[in-house]
Protein chains: 2
Amino acid sequence: MFSNSTKYAIKAVLYLAVHSSEEQKIMIKDIAEPINVPKHYIAKILQALSKKDIISSTKGPKGGFYLTSDQLQTKVMQIIEAVDGEERFNSCLLSLEKCNSDNPCSLHHLVFDEKNKINERLKMTTLKDLRQHIMRGESILPL
Amino acid sequence: MFSNSTKYAIKAVLYLAVHSSEEQKIMIKDIAEPINVPKHYIAKILQALSKKDIISSTKGPKGGFYLTSDQLQTKVMQIIEAVDGEERFNSCLLSLEKCNSDNPCSLHHLVFDEKNKINERLKMTTLKDLRQHIMRGESILPL
DNA sequence: TCTTAAATATGATTTTTATCATATTTTACT
DNA sequence: AGTAAAATATGATAAAAATCATATTTAAGA
């Protein structure tokens with residue numbers, strides 16, 4: 001459903017959502033290990049997310065990655081789109097250009113309502129929401 | 001959501017469901033073109049599906065691919081699993097080994113019910129069903 | 001039985017995705 | 001100012017997925 005890059009990005013950003021703040025920056029190596037992702041790979045991804053202002057970073061000693069309170073309002077879908085691009089997630093199951101409810105492909109009606117519902121949730125749910133679930137013990141931080 | 005291979009497989013098998021029969025076999029090139037898939041690529045996929053007895057074929061002049069009436073009862077999910085393997089579709093969104101409803105990852109509850117519903121439909125819906133939809137004009141054959 | 005038309009088997013090439021490595025830049029601290 | 005610790009930029013390598021190519025096998029029909 002998602003590329004590895006997107007999975008890794010979500011894991012890392014969630015880790016930051018729970019463990020970081022402007023006063024508590026986290027180095028790449030201290031993110032990569034607990035979320036179980038290759039260090040160099042996640043570094044590249046985090047750098048890209050930082051450039052797109054989805055996460056924050058500072059260089060040098062005492063530096064690292066973190067989320068501002070604004071960035072805690074980021075929607076899950078924004079992360080997906082930042083990493084994989086808009087198309088990947090929203091295209092037709094069979095990748096037909098002109099598949100839509102008026103001209104549905106053969107699988108369209110099997111998934112349309114559910115896919116929409118999932119989409120809505122991903123567009124609505126913020127990192128702050130997910131952090132809260134984790135802190136309440138309703139879900140787990142991935143490793 | 002699906003690999004290209006799976007998308008192509010579904011397109012091709014649907015094309016056979018609508019256009020072929022034991023008396024009406026179809027050659028690779030006459031499948032590849034209308035469904036808009038590279039000929040050599042779809043050839044490989046169809047050969048694999050034939051080996052797994054999801055479609056039928058005969059060699060030589062007047063040969064080609066076709067579906068038996070038994071094979072029209074194949075479920076969409078069986079095609080997906082035949083091409084991509086069982087894992088790919090049924091794994092956790094974040095690919096966590098031990099994600100489940102008792103120990104859910106952070107995205108689990110965002111998609112669980114809907115993913116299940118989609119799964120059920122894919123496991124239930126046969127090629128014959130989809131053919132009927134197409135012939136009634138309720139959906140379109142992909143190109 | 002010979003020729004031809006089809007799938008089959010096999011594998012080579014290309015493209016994309018994932019992973020690894022390193023030199024450069026920035027910043028905190030002495 | 002100088003040193004060290006961090007991200008950043010860039011690119012190399014490896015692995016997987018997608019695509020292309022071709023020799024072999026099988027079967028129909030002359």
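Here the structure is a predicted model, which means the values were calculated and not measured. Per chain, numbering begins at 1; letters A, B, ... match sequence-line order.
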[atom1] of [X] versus [atom2] of [N]: gap in Å, rounded?
{"X": "Leu16(A)", "N": "dA7(D)", "atom1": "CG", "atom2": "P", "value": "11 Å"}
{"X": "Ile45(A)", "N": "dT10(D)", "atom1": "CD1", "atom2": "C1'", "value": "16 Å"}
{"X": "Ile28(B)", "N": "dA7(C)", "atom1": "CD1", "atom2": "P", "value": "5 Å"}
{"X": "Ile42(A)", "N": "dC20(C)", "atom1": "CD1", "atom2": "P", "value": "13 Å"}

*When the nearest nucleotide of DNA chain D is assigned to Lys39(B) and to Lys51(A) on a heavy-atom basis, which residue is associated with the more 5' position?*
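Result: Lys51(A).
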*Take Lys44(A) and Ser57(A), find for each the nucleotide of DNA chain D with the closest heavy atom, and name the residue whose nucleotide sits nearer the 5' end.*
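The residue whose closest nucleotide sits nearer the 5' end is Ser57(A).
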Selection from [options] that lies nearest to any side-chain heavy atom of [X]:
{"X": "Ser5(B)", "options": "dA7(D), dA18(D), dC20(D)", "value": "dA18(D)"}
{"X": "Pro61(B)", "options": "dG29(D), dA6(D), dA5(C)", "value": "dA5(C)"}
{"X": "Lys59(B)", "options": "dT8(D), dA7(C), dT19(C)", "value": "dA7(C)"}
{"X": "Ser3(B)", "options": "dA18(D), dA9(D), dT19(C)", "value": "dA18(D)"}

*Assign each of Tyr41(A) and Ser50(B) to its nearest nucleotide of DNA chain C by heavy atoms, then name whichever residue's nucleotide is nearer the 5' end.*
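That would be Ser50(B).
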_Can you work out whether Gln47(B) or His40(A) has the more 5'-proximal nearest nucleotide on DNA chain C?_
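With Gln47(B) and His40(A) compared, the 5'-side residue is Gln47(B).
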*asked:* Between the side chains of Arg121(B) and Glu114(A), is the shortest nitrogen-to-carboxylate-oxygen separation below 4.0 Å, so that they form an ion pair?
replied: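 A salt bridge is present here (some side-chain N lies under 4.0 Å from a carboxylate O).
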